[in-house]
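Every value quoted in this text rests on a predicted model; they were computed, and no experiment measured them.
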Amino acid sequence: MRTHRQPAPAHPAPASPTRPEQPFAPSPSGQTPPLRVAYRVCRHVTRAHDPAIYALVQLMPTVLRPACWALWAAATVLDDLADEPEAEPAERAARVEAWTGALQHDLAAGTSTDPVRYALVDAAGRWRMDLTGLQGAMVQTRDDTRGLRFADWDAWRVWCNKEVVPWVEQVRHLFEQAGAPMRLRLDRQADYERFVDGAQLTDVLTDLSTDLAQGLLLLPQEALEPFPGAEEDLLRGRWSPAVAALITQLAALARRRVTRPAMTTGMHPGAAIVLETAAGLLRAQLDAVEAAGPALLQRAPRPSVVARARVLVPARLRSTLAWSLTPLTAPTVPGPRRPKGAVTSAGPAAENAGLLPPPSHPSGARPPAIPAGRMPAHVAVIMDGNGRWAEEHGLRRSDGHRAGTAAVREIVYGALEIGLRHLTLYAFSTENWKRDAEEVTAILATLQSELDEAPFRDLDVRQRWSGRPNKLPEDLVDSLRREEARTRARTGLTLTVCINYGGRDEITQAAAALARAAREGEVDPDHLNEDDFARHLPHPDMPEADLLWRTGNEQRTSNFLPWHAAYAELYFTPGYWPDMDRRDLWQAIAEYSRRQRRHGAAPAPIASAENNRPSPHVHPAPCPLTRAGSE
């Protein structure tokens, strides 16, 4: 995680007795003297390494500050271990891995001999923090020791999100637990993401001298190419016209990205003040970057005391008033000895340690052996027929939607067993609001119930959703976001559930995002291509759908994934969704493996029947398969 670092030891002693630290008020019940010392160490680390972050924490409710210090101190210690200039990359990586491995042990034990880890373990227990979301960030910090190169802004943004977002999500969890949720409206998701980009770019520009001293240039090639010679000059520590022009452009870009006033619309005023103040401090930091000139390559620039005071003084007054009017919830008992969220230290295998395989099918059926070259990477499913299934069984239509949840679990289990990488399910469309209010309520309640029950909690499933937040219950949106954050680091199946989703709406959103990017000078309208458009879709990393399967005896795509499914193989079956299980998914994949995909090219040689014979455990399709299109 990037921070505006100032020299400080990894575990400094508490502040001098001549200037005692302000005691916690109110003091959390059960806090022992050693624990209070541990939190003071975290407070000192935060203040010494990044005064701006420390100032932002001081704008938060008093009861939240110790946990925020613990989070930031942990990130700082890891960052320092990864950046230690006197150690070789392999040694730095080993130190990061050892620290995160020790945290794994300490979380299980509920205590630690290390003050920063001790405070973090205690905070996790008191505030019911699930630290599994930090796995990716900690692994990324370890990997940063090996050097970083980014081809374009997309690759840079992936790194940025892995580094920063998981820590921010933990802070948002604290606000939520305290009863003052820092809700980020999902219709402003693009603003949130750009703000994070701008904050990280500001940090990269600020720490340019430190990184260059280690031979690092944490900027994408896409940003450097318009300024010939700038990369070489930077790596050699030379200030040139090309470097000056590059810094000017990047500072302006960062300034535009952190200036997102609409991001705090509808947010609790106290939380909004924290984010608005963060934006103000970042702009002050960018002023210092632009004013530094050649000195930027020698030392990290800092805003003047006057510039900082201009932002912080009114913010302190406003935040004090905002929090004085807000009843907050504080943890009154010590946390459990075994907080959730053992944080692993190594790569994907270690990250997924403790995850379980899916339960076997009651019949003992096993997935067919599909050749790797014939296996789809992404299967999209229109889960149709819930209401008709219920009517045929003499039940209410809402009962059919509840029955369909069992089929969802079965399909996810089958996807894991056969090794599918991406599964996208159409759960609720923008057109479904036209249905009877009772049925709509039942569908949304079923979705909320499944999220609360968390049937995939212990499986290697990365969960996310696609769709609009408009009209959706606030609790449902919060649950969806929470599952996204909790499972972000998982590397098995990516399960995307489309809720309040419309394909044309998705394309409209992408077009609007692209128009904003063009207006801000980030893309050239005269040189746009399909990749540029795809990068502005809500989930730019979602691969094209290879197979689109619809149940319920209907043969249309119903505004589902029009961009991603442009070349998908279509597969329609008559059975209603509640009657489906994993064997139906395997049959669909087996049928896909027998099809010839040409994308306009000449037909490929037909594989032998022996290689494409489905497993005897897969039951046959209930009707002739429908092939759509004539590529």
Side-chain angles (χ1 to χ4, degrees), residues 1-5 50 52 144 147-165 190-260 278-303 307 513-514 516-524 527 532 535-536:
M1 187 173 184
R2 308 283 308 164
T3 62
H4 298 321
R5 294 183 299 276
D50 197 329
D144 287 355
L148 295 165
R149 297 283 291 179
F150 310 109
D152 51 33
W153 283 113
D154 286 340
W156 183 88
R157 188 169 292 112
V158 168
W159 165 72
C160 170
N161 287 337
K162 285 184 178 179
E163 286 260 310
V164 177
V165 173
D191 286 327
Y192 170 51
E193 292 170 353
R194 286 173 179 268
F195 179 85
V196 172
D197 289 350
Q200 190 75 337
L201 182 55
T202 302
D203 284 352
V204 168
L205 293 174
T206 299
D207 294 332
L208 201 56
S209 60
T210 303
D211 293 332
L212 290 174
Q214 299 180 44
L216 296 175
L217 182 56
L218 302 179
L219 294 170
Q221 288 296 311
E222 182 180 354
L224 297 168
E225 286 172 357
F227 302 92
E231 179 177 9
E232 181 181 355
D233 289 337
L234 281 170
L235 291 173
R236 294 190 176 186
R238 295 192 306 235
W239 184 264
S240 66
V243 169
L246 171 66
I247 298 302
T248 298
Q249 176 167 307
L250 292 179
L253 176 60
R255 191 181 302 277
R256 289 196 301 270
R257 289 183 173 176
V258 300
T259 306
R260 300 284 160 181
L281 290 174
L282 287 167
R283 287 191 291 269
Q285 182 64 43
L286 289 167
D287 290 340
V289 167
E290 291 181 298
L296 184 66
L297 305 186
Q298 308 301 321
R299 61 185 179 276
R302 303 293 170 191
L514 199 57
R516 286 192 293 270
R519 185 179 60 205
E520 295 181 3
E522 297 175 16
V523 297
D524 183 350
H527 295 89
D532 293 320
R535 282 198 294 270
H536 289 82

**Prompt:** CG/Leu253 to OG1/Thr202 distance, rounded to the nearest 0.5 angstrom?
**Reply:** 9.5 Å
**Request:** Please report the closest heavy-atom contact between Arg255 and Arg283, naming both atoms and the distance.
**Result:** NH1-O, 3.6 Å
**Item:** Separation between CG of Leu296 and CG of Asp207, rounded to the nearest 0.5 Å
**Value:** 10.0 Å
**Item:** Closest non-hydrogen atom pair between Val258 and Ala199, with its separation
**Value:** CG1-N, 3.6 Å
**Request:** Determine the sole option in Ile247, Leu234, Asp233 for which the side chain to side chain contact (heavy atoms under 4.5 Å, CB included) test with Trp239 is passed.
**Result:** Ile247
**Asked** Any idea which heavy atoms bring Leu514 and Asp532 closest together, and the distance?
**Response** CD1-O, 4.0 Å
**Message:** I need the minimum non-hydrogen distance between Ala288 and Pro303, along with the two atoms involved.
**Reply:** CB-N, 3.9 Å
**Interatomic spacing from CD in Glu225 to CD in Glu222 - rounded to 0.5 Å** = 7.5 Å
**Message:** What's the separation between atom CG in Asp152 and atom CZ in Arg157, rounded to the nearest 0.5 Å?
**Reply:** 9.0 Å
**Asked** Hey, does the side chain of Gln285 reach the backbone of Pro301 with a donor-acceptor pair shorter than 3.5 angstrom?
**Response** yes
**Prompt:** For the side chain to side chain contact (heavy atoms under 4.5 Å, CB included) test, which of Val204, Leu218, Leu201, Asp197 pairs with Cys160?
**Reply:** Asp197
**Prompt:** Quick one: ring-ring contact (aromatic ring centres under 6.0 Å, His included) partners of Trp153, sequence neighbours excluded?
**Reply:** Trp156
**Asked** What is the minimum heavy-atom distance between Arg194 and Ala517, and which atoms define it?
**Response** NH2-CB, 4.0 Å
**Request:** Kindly give the heavy-atom pair with the smallest separation between Ala251 and Glu290, and that separation in Å.
**Result:** CB-CG, 3.6 Å
**Item:** Nearest-0.5 Å distance that lies between atom CG in Asp211 and atom CG in Leu235
**Value:** 11.0 Å
**Message:** Nearest 0.5 angstrom please: Arg149 CZ to Leu217 CG, how far?
**Reply:** 7.0 Å
**Request:** Could you check if a side-chain atom of Arg516 sits within less than 4.5 angstrom of a side-chain atom of His536, using non-hydrogen atoms only?
**Result:** no
**Message:** Heavy-atom count check: over 12 atoms from other residues, nucleotides or ligands less than 6.0 Å from Arg238 CZ?
**Reply:** yes
